[in-house]
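This report refers to the structure that appears directly beneath it.
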There are 2 protein chains.
Amino acid sequence: MIENIYMENINKDYTIDQERLARFAKAMAHPARITILMFLAGQDSCYFGDIHCELPIAKATVSQHLKELKDSGLIQGEIETPKVKYCINKENWDIAKSMFSDLFEILNEYKCDCK
Amino acid sequence: MIENIYMENINKDYTIDQERLARFAKAMAHPARITILMFLAGQDSCYFGDIHCELPIAKATVSQHLKELKDSGLIQGEIETPKVKYCINKENWDIAKSMFSDLFEILNEYKCDCK
DNA sequence: AATAATGTTCGTAGTTTTGCGAACTACAAA
DNA sequence: TTTGTAGTTCGCAAAACTACGAACATTATT
């Protein structure tokens with residue numbers, strides 16, 4: 001296969017943007033993770049323990065949810081021994097925000113033929 | 001357990017809104033479903049066959065994705081024998097739009113203590 | 001009645017997610 | 001050196017997700 005710079009996402013079934021938006025949505029697809037995002041977005045930063053206190057689940061599970069959010073890019077973490085400080089990743093947050101916004105804006109006038 | 005009108009969502013770990021937003025996000029958590037939503041939002045309505053043509057997956061799988069989107073409330077379908085017509089559910093679309101928007105708006109100024 | 005067109009549902013297989021306790025890591029303090 | 005604090009990682013089990021082909025349902029046409 002000859003490659004060139006215009007052939008991004010080759011052999012993929014979906015566009016980069018479709019994959020990326022789905023990835024963001026997936027990160028948000030659990031009430032615990034929504035709770036974490038709301039909590040984090042409302043302040044500058046906070047520690048793992050503070051997040052754990054907000055949730056009705058074991059710390060191992062909280063850690064997994066945080067990892068999922070980190071992997072999606074929506075949040076970031078930083079070790080501040082012996083604690084771990086988490087916060088929103090502003091750059092990716094804004095990207096996600098505009099991607100969701102763009103999708104929802106497609107329907108900017110009444111469109112629906114169904115009863 | 002004594003019930004009263006102020007005790008909605010009792011014995012639940014998360015609020016109704018957190019669950020609902022997570023539900024919308026989950027519906028959007030797959031590139032095929034993002035593709036379907038973009039496609040549907042761009043027009044008044046279309047048939048199953050048109051949607052199937054846009055996707056690289058079997059019709060049984062397309063049908064499942066459409067069911068998932070329908071169950072979330074984001075789209076609706078209507079039989080128009082022998083075809084099935086799908087379109088965006090405007091009411092729920094607007095609810096989802098404002099719920100995502102509200103979440104992303106929480107971070108309306110620079111907030112992030114992490115490096 | 002048989003055939004065709006259009007989707008949905010069923011059964012199955014493999015993968016991923018969710019959740020937990022237990023074990024582990026890293027550092028600080030006694 | 002032992003103990004404590006704060007999280008992460010591991011290993012497991014149950015449930016949910018993704019995908020497909022085959023079978024089915026429904027209505028129209030021959």
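First the proteins, then the strands, lettered A, B, ... as listed; each starts at 1. No hydrogens, no waters, no symmetry mates; every other heavy atom, side chains included, goes into these values.
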Ignoring backbone atoms, test whether Y86(B) places a side-chain nitrogen or oxygen under 4.0 Å from the OP1 or OP2 oxygen of dT6(C).
no
How many Å lie between [atom1] on [X] and [atom2] on [N], as a whole number?
X	N	atom1	atom2	result
E80(B)	dT8(C)	CD	P	13 Å
K67(A)	dT18(C)	NZ	C1'	15 Å
Y47(B)	dT27(D)	OH	C1'	15 Å
I51(B)	dG7(C)	CD1	C1'	11 Å
E78(B)	dT27(D)	CD	C1'	16 Å
I36(A)	dT18(C)	CD1	C1'	13 Å
I79(A)	dT8(D)	CD1	C1'	10 Å
D13(B)	dT18(C)	CG	C1'	13 Å

Between F100(A) and F104(B), what is the ring plane arrangement, given parallel below 30°, perpendicular above 60°, and tilted in between?
tilted
Just say parallel, tilted or perpendicular for the rings of Y14(B) and H30(A), cut-offs at 30° and 60°.
perpendicular
Select one nucleotide: of dT6(C), dT8(C), dT8(D), the one nearest the side-chain heavy atoms of F48(B).
dT8(C)
Quick one: which protein N/O atoms are closer than 3.5 Å to N/O atoms of nucleotides 16-20 of chain D? Pair and distance per line, please.
| from | atom 1 | to | atom 2 | distance (Å) |
| --- | --- | --- | --- | --- |
| dC17(D) | OP1 | K26(B) | NZ | 2.6 |
| dT18(D) | OP2 | R33(B) | NH1 | 2.9 |
| dA19(D) | OP2 | H30(B) | NE2 | 3.3 |
| dA19(D) | OP2 | H65(B) | NE2 | 2.7 |
| dA19(D) | N7 | Q64(B) | NE2 | 3.2 |
| dC20(D) | OP2 | A58(B) | N | 2.8 |
| dC20(D) | OP2 | T61(B) | OG1 | 3.2 |

Are the side chains of D50(A) and Y86(A) in contact, using a 4.5 Å heavy-atom criterion?
no
Do L74(A) and R33(A) have side-chain heavy atoms sitting under 4.5 Å apart?
no
Candidates E80(A), K85(A), K83(A) - the one meeting side-chain hydrogen bond (donor to acceptor under 3.5 Å, both in side chains) with Y47(A):
E80(A)
Using the test side chain to side chain donor-acceptor pair (under 3.5 Å), find all partners of E68(A) that sit at least two apart in sequence or belong to another chain.
none
Considering residues at least two apart in sequence or located in another chain, which fulfil the side chain to side chain contact (heavy atoms under 4.5 Å, CB included) criterion with E105(B)?
K97(A), S101(B), N108(B)
Students often get this wrong, so: under 4.0 angstrom with heavy atoms, is S63(B) touching a base, only sugar-phosphate, or nothing?
base
